[in-house]
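The structure appears below as C-alpha cells.
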Amino acid sequence: MERTLILIKPDGMQRGISFEILSRFERRGLRLAGLRLLQVSQDMAETHYGEHIGKPFFEGLVSYITSSPIIAAVFEGTDAVTAARTTMGGTKPTEANPGTIRGDFGLEIGRNVVHGSDSPESAEREIGIFFGDGSSLYDWGRDVDSWIFEDE
Ligand SMILES: Nc1ncnc2c1ncn2[C@@H]1O[C@H](COP(=O)(O)OP(=O)(O)O)[C@@H](O)[C@H]1O
Ligand SMILES: [Mg+2]
C-alpha cells in the first residue's frame with residue numbers, strides 16, 4: 001500500500017485546525033500508519049526541504065517550519081501521494097481549488113498549512129526523516145477497508 005508523509009505546518013498548529021486537516025485525509029479513506037508531534041530542527045528542515053536550497057524563499061521556509069511544534073503523519077492507501085496532494089490543493093492557496101485544504105484554509109504560499117510528499121520516492125525519503133527506522137509505523141487493517149479498497 002502506497003504511503004505519503006503529511007505535515008501540519010506551524011500555522012495549522014497555531015490556528016487550531018490541525019485535527020480538522022488530518023480528518024480530511026482520514027475521511028478520504030486514507031489509513032493512518034504513523035503520527036508524531038515534534039519540533040523540527042534546523043538540520044531536519046534543511047534535509048526535508050533540500051530541493052529548495054538556494055531559492056529566495058528557502059530561509060523563510062526553514063524558519064517557518066521550525067517555528068513551533070508540528071504534527072507529522074503517515075497515511076497509506078491507493079495512490080496515497082496523489083490522493084493526499086489533491087486533497088491538499090495547489091501550493092499557492094489563492095489558486096487552490098475551493099474544497100481543498102489550502103483552498104479552504106489559506107491565502108499565502110508561505111502560510112499554506114500543510115505539506116504532502118510529491119512522489120512515492122519523496123515519500124519514502126521524507127518518512128525516513130520523520131519516522132527513522134519505521135518502528136513506530138503500523139501495518140494494520142480496518143474492518144471498513146473492503147468498502148474503501150476494492151481488493152481488500
Ligand atoms: N515562492 C514561494 N514563496 C514562499 N514560500 C514558498 C514559495 N514556493 C514554495 N514555498 C514554500 O515551500 C514549500 C515547498 O514548496 P513546493 O515543494 O514547491 O510546494 P508543495 O508544498 O506544494 O510541494 C511550499 O509549500 C511553501 O510553503
Ligand atoms: Mg513539495
Side-chain angles (χ1 to χ4, degrees), residues 1-140:
M1 197 67 80
E2 188 170 292
R3 287 178 166 176
T4 190
L5 180 84
I6 298 298
L7 303 177
I8 309 299
K9 293 179 174 180
D11 47 342
M13 304 300 294
Q14 295 283 350
R15 291 169 59 190
I17 53 176
S18 55
F19 286 88
E20 195 173 344
I21 295 169
L22 288 173
S23 74
R24 291 193 173 203
F25 297 107
E26 193 180 39
R27 272 198 338 220
R28 181 99 193 249
L30 294 168
R31 185 169 62 202
L32 192 63
L35 191 67
R36 278 187 78 187
L37 178 73
L38 76 152
Q39 180 103 28
V40 178
S41 68
Q42 183 83 14
D43 270 5
M44 278 176 89
E46 289 177 4
T47 305
H48 174 68
Y49 282 127
E51 66 175 301
H52 298 300
I53 290 174
K55 295 183 186 168
F57 60 85
F58 182 72
E59 279 183 20
L61 177 59
V62 169
S63 71
Y64 164 49
I65 203 73
T66 57
S67 64
S68 81
I70 64 156
I71 290 172
V74 175
F75 279 100
E76 62 189 4
T78 317
D79 294 335
V81 166
T82 302
R85 296 279 293 188
T86 54
T87 292
M88 286 161 51
T91 306
K92 197 174 172 193
T94 48
E95 290 170 8
N97 290 328
T100 65
I101 294 164
R102 286 162 167 174
D104 287 351
F105 294 108
L107 288 171
E108 298 201 13
I109 196 167
R111 296 288 183 269
N112 61 5
V113 303
V114 66
H115 166 85
S117 310
D118 65 7
S119 67
E121 297 70 36
S122 303
E124 198 176 322
R125 185 183 78 82
E126 294 173 359
I127 290 168
I129 296 169
F130 287 86
F131 290 87
D133 65 3
S135 59
S136 67
L137 297 175
Y138 288 85
D139 204 355
W140 61 301

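The shown structure was predicted, so the numbers you read here are calculated from the model rather than taken from an experiment.
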Query raised in the report: Side-chain contact, heavy-atom cut-off 4.5 Å: Thr4 with Glu126?
Result: no
Query raised in the report: Is there side-chain contact between Glu2 and Val81, with heavy atoms separated by less than 4.5 Å?
Result: yes
Query raised in the report: Quick one: CD1 on Ile71 to NZ on Lys9, what's the gap to the nearest 0.5 Å?
Result: 14.5 Å
Query raised in the report: With a 4.5 Å limit on heavy-atom distance, are the side chains of Met44 and Leu38 in contact?
Result: yes
**Report entry** Exercise: identify the closest heavy-atom pair between Ser68 and Gln14
**Finding:** CB-NE2, 3.5 Å
Query raised in the report: Is a side-chain donor or acceptor of Arg3 paired with a backbone partner of Ala123 at a separation under 3.5 angstrom?
Result: no
Query raised in the report: So how far is it from Met88 CE to Asn112 CG, rounded to the nearest 0.5 Å?
Result: 7.0 Å
Report task. For residues Ala72 and Leu7, report the shortest heavy-atom separation together with the two atoms involved. Result -> CB-CD2, 3.6 Å
Query raised in the report: Are any non-hydrogen side-chain atoms of Val40 and Tyr49 less than 4.5 angstrom apart?
Result: no
Report task. Decide yes or no for Ile65 and His115: does some side-chain heavy atom of the first lie under 4.5 Å from some side-chain heavy atom of the second? Result -> no
Query raised in the report: When rounded to the nearest 0.5 angstrom, what distance separates CZ in Arg85 from CD1 in Ile6?
Result: 9.0 Å
Query raised in the report: Below 4.5 Å, heavy atoms only, C-beta onward: do Leu5 and His48 meet side chain to side chain?
Result: yes
Query raised in the report: Is the NZ atom of Lys92 crowded by more than 12 outside heavy atoms at less than 6.0 Å?
Result: no
Query raised in the report: What closest approach, in Å, do Ile70 and Ile8 show between heavy atoms, and which atom pair accounts for it?
Result: CB-O, 3.1 Å
Query raised in the report: Roughly how far, to the nearest 0.5 Å, is the CD1 atom of Ile109 from the CG atom of Leu61?
Result: 10.0 Å
Query raised in the report: Shortest non-hydrogen contact from Glu26 to Phe75?
Result: N-CE2, 4.1 Å
Requested in this report: Working to the nearest 0.5 Å, report the span between CZ of Arg24 and CZ of Phe105.
Outcome: 4.5 Å
Query raised in the report: Parallel, tilted or perpendicular: which fits the ring planes of Phe57 and His52, with parallel below 30° and perpendicular above 60°?
Result: tilted
Query raised in the report: Between the side chain of Arg111 and the main-chain N/O of Asp11, is any donor-acceptor distance below 3.5 Å?
Result: no
Query raised in the report: Which pair of non-hydrogen atoms, one from Thr78 and one from Met1, has the smallest distance, and what is that distance?
Result: N-SD, 3.9 Å
**Report entry** Minimal non-hydrogen separation, Gly90 against Ala96, with atom names
**Finding:** N-CB, 3.6 Å
Query raised in the report: Do Leu107 and Thr94 come close enough that some side-chain heavy atom pair is under 4.5 Å?
Result: yes
Query - Side-chain donor-acceptor pair present, Asp43, Ser41, cut-off under 3.5 Å - result: no
Query - Asp104 side chain vs Pro98 backbone, donor-acceptor pair below 3.5 Å - result: no
Query raised in the report: Within a reach of under 6.0 Å around CD of Gln39, are more than 12 heavy atoms found that belong to other residues, nucleotides or ligands?
Result: yes
Query raised in the report: Roughly how far apart are Phe131 CZ and Leu35 CG, rounded to 0.5 Å?
Result: 6.5 Å
